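No hydrogens, no waters, no symmetry mates; every other heavy atom, side chains included, goes into these values. From a predicted model like this one, the values you see are computed outputs, not experimental measurements. Just follow the structure's listing: the first ligand is 1, and inside any ligand the first atom is 1.
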Amino acid sequence: MDNMAYNGIIQKYRRFLPVEDYAEFVSLDEGQTPLLKAPALSRWISPHVTLYLKIEGQNPSGSFKDRGMTMAVSHAKFQGHEIVMCASTGNTSASAAAYAARGGMKCVVLIPDGNIALGKLAQALVHGAQVISIQGNFDDALTIVREVTMKYPIALVNSVNPVRIDGQKTAAFEIVDELGEAPDIHALPVGNAGNITAYWKGFKEYFAAGISTKLPRILGFQAEGAAPIVDGAPIANPKTVASAIRIGNPASWQSAVSARDESGGLIAKVSDTRIIQSYLQAARLEGVFAEPASLTPIAGLKMLAEQGYFQQPVTVTVTLTGNGLKDPGTAVEYSNSELQSIPPTVDAVIQSLGY
Ligand SMILES: *Cc1c(COP(=O)(O)O)cnc(C)c1O
């Protein structure tokens with residue numbers, strides 16, 4: 001094992017994954033993402049917080065979805081499927097399209113009309129997926145995909161597919177492997193609630209195996225206009241700048257609540273204003289560019305700190321779920337930086353520097 005090149009999460013964590021019978025698997029060497037210490041962002045949040053960022057935007061298609069997708073597409077192939085299908089706010093389709101291409105399979109994605117970040121759409125298209133835009137939201141798309149994949153020989157690769165959750169739990173393993181122990185708190189955004197389910201499963205499995213000696217509190221954060229779990233009811237028209245978590249009726253709702261309650265954590269909501277503030281803070285204080293949804297937990301931690309939540313030193317890990325380059329529109333719109341256009345002379349440049 002030691003001499004083998006890294007070959008993705010299935011190879012690395014095989015003994016914790018339901019893959020015994022796979023003759024081959026479809027991988028793009030996902031996983032092994034950085035766990036970056038973030039001292040400046042820690043200081044901004046609270047003097048009690050030691051913060052680490054799990055940079056999932058460095059996965060092959062730019063989001064954590066790749067961890068689940070290597071499992072889902074490998075599983076579909078093992079079962080003899082030739083077509084995979086998903087509903088997506090963007091990253092699931094980008095990932096499914098990449099892994100289907102890698103596995104020599106066809107991919108069909110249903111996206112909400114006009115509501116997907118440009119980079120993600122570009123990815124699905126360039127990998128050759130059939131992209132169908134429906135006049136509805138993510139929840140409508142998922143309902144349709146569930147029915148179609150039930151009736152036809154097409155593999156469903158949304159996170160309602162349990163092998164996706166198993167793949168995604170490996171991020172929790174990597175955190176414990178790197179820290180040598182579970183963190184006190186793990187925070188992450190909650191959309192369809194697959195990832196919060198996956199992390200809790202991963203932390204519990206490592207604890208049960210004796211690899212960590214404690215379990216973290218799980219803190220999940222939703223956007224104010226798309227916070228069905230916090231509000232206690234599905235939302236027909238979820239709204240938020242964080243398009244990856246613009247979901248009104250999470251498929252893994254119950255298991256998110258279990259993760260919250262079993263871990264002694266919480267699920268709270270934060271405003272878009274706070275999300276954008278954290279988005280810029282991470283980019284400017286740490287040089288980390290993640291997409292807006294990824295910063296929801298940073299916004300949430302800041303809000304909790306203001307409410308006095310942190311009273312003693314804690315190690316906090318946060319999943320930064322997706323790469324900032326996926327959503328250039330939001331980046332340009334909110335960066336508050338004016339693009340100056342000046343004559344091509346040294347004098348004009350010096351003048352604009354304020355000398
Ligand atoms: C999918 C996604 C989420 C939400 O994860 P869920 O498992 O649906 O809760 C958050 N951020 C990004 C960037 C995503 O792609």
N/O contact list for ligand 1, threshold under 3.5 Å:
{"from": "ligand 1", "atom 1": "7 (O)", "to": "G194", "atom 2": "N", "distance (Å)": "3.2"}
{"from": "ligand 1", "atom 1": "7 (O)", "to": "N195", "atom 2": "N", "distance (Å)": "2.8"}
{"from": "ligand 1", "atom 1": "8 (O)", "to": "N192", "atom 2": "N", "distance (Å)": "2.8"}
{"from": "ligand 1", "atom 1": "9 (O)", "to": "G191", "atom 2": "N", "distance (Å)": "2.8"}
{"from": "ligand 1", "atom 1": "9 (O)", "to": "N192", "atom 2": "N", "distance (Å)": "3.3"}
{"from": "ligand 1", "atom 1": "9 (O)", "to": "A193", "atom 2": "N", "distance (Å)": "2.8"}
{"from": "ligand 1", "atom 1": "11 (N)", "to": "T321", "atom 2": "OG1", "distance (Å)": "2.7"}
{"from": "ligand 1", "atom 1": "15 (O)", "to": "K65", "atom 2": "NZ", "distance (Å)": "2.6"}
{"from": "ligand 1", "atom 1": "15 (O)", "to": "N91", "atom 2": "ND2", "distance (Å)": "2.7"}

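Paired with R67 under the rule side chain to side chain contact (heavy atoms under 4.5 Å, CB included), one option of I9, I10, D166 passes, and it is I9.
Checking T321 against E56 by side-chain atom types alone, no donor-acceptor pair falls below 3.5 Å. A donor-acceptor contact under 3.5 angstrom links the side chains of N195 and Q168, judged on distance only.
When ring centroids are compared, F16 and F173 come within the 6.0 Å threshold.
Here the side chain of K214 pairs no donor or acceptor atom with the backbone of F207 at under 3.5 angstrom.
Residues V163 and F25 are members of one and the same hydrophobic cluster, defined by side-chain heavy-atom contacts under 4.5 angstrom among Ile, Leu, Val, Met, Phe, Trp and Tyr.
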